[in-house]
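Beneath this line is the structure, given in structure tokens, with notes to follow.
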Amino acid sequence: MLRLVLIGVLVALASARRSPHADYVEEYVKAEGAGRYSDNIIEDALLDVPDLVKKYGYPFEAHTLTTPDGYILEVHRIPHGRDQNNTPDSNKPVVFLMHGLYSSSADYIVLGPGNAIAYVLAEAGFDVWLGNARGNYYSRRHVTLNPNGGRGNLDFWQFSWDEIGNMDLPTVIDHIIETTGQPKLHYIGHSQGCTTFLVLNSLRPEYNEKFVSFQALAPAAFFVYNEDLSYRLAAPLEAVFEEILNAVGYLEILGNREFFTFFATNFCVDGLIAEACHAILNNANPEYYNTTMTPLFLGHAPAGASVLQMTHYGQSINTKKFRRYNHLPIKNIEVYGRPTPPEYDLSKVTVPTYLHFGYADVQADYRDINYLGDQLPNLVARMPVDRVSFNHLDFVWGIDAKEQLYLKLVDIMLSYH
Ligand SMILES: *[C@@H]1O[C@H](CO)[C@@H](O)[C@H](O)[C@H]1NC(C)=O
């Protein structure tokens, strides 16, 4: 009984902190020296992206879009800077950022003003747009399908990154072009955010001409050279995995952001459990990882995905091929007109491409990224990050991500304007 009461109090406290009142936000913005980093890790962990961006005095818009197959996506926009380039201007270069697996638009703002890539770009003069893939915390809606519980939810979750690239991205890109009046934009993807770009432009090559450049951060496409043991062990199980989860009626993965936020803000602040939280997030790079920020990072990621996104990567690891989703042969014939899925034709991806990678990245191995580079017809540069210990998560959470990477991206992209 006492335990129930305690849990009740914790939940009540957590939900009370969940709705910081608007006056606070306005006062904060007016206050002198609105900070560089987060000024309150717990509060920032609990806020959603819209309130978090507004809290630090940045202009913000949320756009709600519907894909042709009925998914309702929330796209975020920071149309200009706060300290520099801080007036609306329809001639600004436009940039769109797409997050990785299990993540959301929060990836690009959690490092805070002065550090996070979305703010760095807005200050440098870009009109910044942040995507949210179907099924994540911000895009977990559909015009008819229900993502929650019960057998019905399986229909909602029948998608992998093929659909995110083939359906979500065109919807978002068309909307950005229509809204800004700019015919072309830059695309920055992290990991799966690159996979989806390659899917889009190979399946719908007419989209190539809508991009000025493709900044690929740790692109996930090929797993030919990757020797990561967990991949090698788990990948062969992908089909079994999908079948079991289908049978038990559960295809969402790491989708309960409320739980992770609650856990992170209550248990990942200090003590033994907090050490475990840091260890999960900073895989082996403590000197370039800010442990103070763990509750904030974990409060925003994971943000949910479909199991099929994971199994699709499992297929890539098994086959060593970058190809469309492998359903049962009968369904493959129905969808692709053949019993096995076709490969994505990378010769059709003609956007000027920059490959950025870290030598210590075990998720997206530099040899696989080199191999990807060999397949792309318009590769401009292969750009390893200078710090050789730079890893997969440093692209979004690294202490030195701005110096190592973001400022370089700004330079490259501005050179087109
Ligand atoms: C780590 O994060 C905290 C809170 O955002 C900040 O105050 C501190 O300066 C950061 N440390 C480094 C080394 O970046």
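We count ligands from 1, going down the list as the structure has it; atoms in each ligand are counted the same way.
Between the side chains of D345 and S202, no donor-acceptor pair of N or O atoms lies under 3.5 Å.
For atom 11 (N) of ligand 1, the closest non-hydrogen atom on the protein side is N290 ND2, 2.9 Å. For atom 6 (C) of ligand 1, the nearest protein heavy atom (residue, atom name, distance) is Y37 CG, 3.8 Å. Ranking protein heavy atoms by distance to atom 13 (C) of ligand 1, first place goes to I399 CD1, 4.0 Å.
Shown in contact with S38 at under 4.0 Å from a heavy atom are these atoms of ligand 1, numbered in order with element: 5 (O). Near M293, the atoms of ligand 1 lying under 4.0 angstrom from a non-hydrogen atom of the residue are 2 (O), 5 (O).
The ring-ring contact (aromatic ring centres under 6.0 Å, His included) analysis of residues 65-85, with sequence neighbours excluded, yields the pairs F60-H76, Y71-H142, Y71-F156, Y71-F159, H76-Y138.
Cation-pi contact between K210 and Y207: present, with separation from the ring centre below 6.0 Å and deviation from the ring axis of at most 45°.
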Trace of the ring pair (Phe, Tyr, Trp, His ring centres under 6.0 Å) decision for H63 with H175: CA-CA 9 Å; H63 294 237; H175 176 79; 4.9 Å; yes

Output side-chain donor-acceptor pairs under 3.5 Å for residues 353-360, partner residues at least two apart or in another chain, one line each.
unit_1: T353; atom_1: OG1; unit_2: V351; atom_2: O; d: 2.8
unit_1: Y354; atom_1: OH; unit_2: Y416; atom_2: OH; d: 2.7
unit_1: H356; atom_1: NE2; unit_2: Q215; atom_2: OE1; d: 2.8

